[in-house]
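Inspection log for the structure reproduced underneath, given as structure tokens.
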Amino acid sequence: MCLAVPGKVLSKDGIHAKVDFGGGVVRDVNISLVEVDVGQYVVVHAGFAIQVMSEEEAKKTLDLWRQILEEVRY
């Protein structure tokens with residue numbers, strides 16, 4: 001199964017970025033496939049940012065992920 005998760009770019013260093021996925025989860029992501037600025041949201045799959053997305057769309061998707069995870073916990 002393939003999953004892609006949105007996250008907010010916190011900082012950039014060449015082709016790498018620190019991306020915040022929410023809930024205190026920050027990971028290094030390869031951004032060589034997209035043109036993105038700090039503060040924008042990207043969709044990340046297997047450690048690579050594969051698409052830039054709007055903040056509104058990203059927040060809707062992250063809310064959906066939170067709902068799914070809360071349902072799985074119970």
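For the single chain, residues carry numbers from 1 onward in sequence order.
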Gap between atom CZ of Arg27 and atom NE2 of His16 - 0.5 Å precision: 15.0 Å
Which heavy atom of Ile31 sits nearest a heavy atom of Ala49, and at what distance? CG2-CB, 4.0 Å
Closest non-hydrogen atoms of Asp20 and Gly22, given as atom of the first, atom of the second and distance, are OD1-N, 2.7 Å
Where do Ala58 and Pro6 come nearest, in terms of heavy atoms and distance? O-CG, 3.9 Å
Output the distance between atom NZ (Lys8) and atom CG (Leu62), rounded to the nearest 0.5 Å. 11.0 Å
Going by the side chain to side chain contact (heavy atoms under 4.5 Å, CB included) test, name the single residue among Lys60, Met53, Lys59 that passes it with Glu56. Lys60
Tell me whether Val26 is reachable from Phe21 by hopping between hydrophobic residues (I, L, V, M, F, W, Y) whose side-chain heavy atoms are closer than 4.5 Å. no
Compare every heavy atom of Gln40 with every heavy atom of Glu35, then report the nearest pair and how far apart it is. O-OE1, 4.4 Å
Verify same cluster id: Val25, Leu69 (apolar side-chain graph, 4.5 Å): no
Partner of Val42 under side chain to side chain contact (heavy atoms under 4.5 Å, CB included), picked from Leu33, Val9, Ile50, is Val9
With rounding to the nearest 0.5 angstrom, report the NZ to CG distance, Lys12 to Asp37. 5.0 Å
Working to the nearest 0.5 Å, report the span between CG of Leu3 and CH2 of Trp65. 4.5 Å
Linking directly or through intermediates, with side-chain heavy atoms under 4.5 Å: list the remaining ILVMFWY members grouped with Ile15, chain and number order. none
Side chain to side chain contact (heavy atoms under 4.5 Å, CB included), that's the test. Do Val38 and Leu10 meet it? Break it down for me. CA-CA 6 Å; Val38 172; Leu10 299 177; 5.8 Å; no
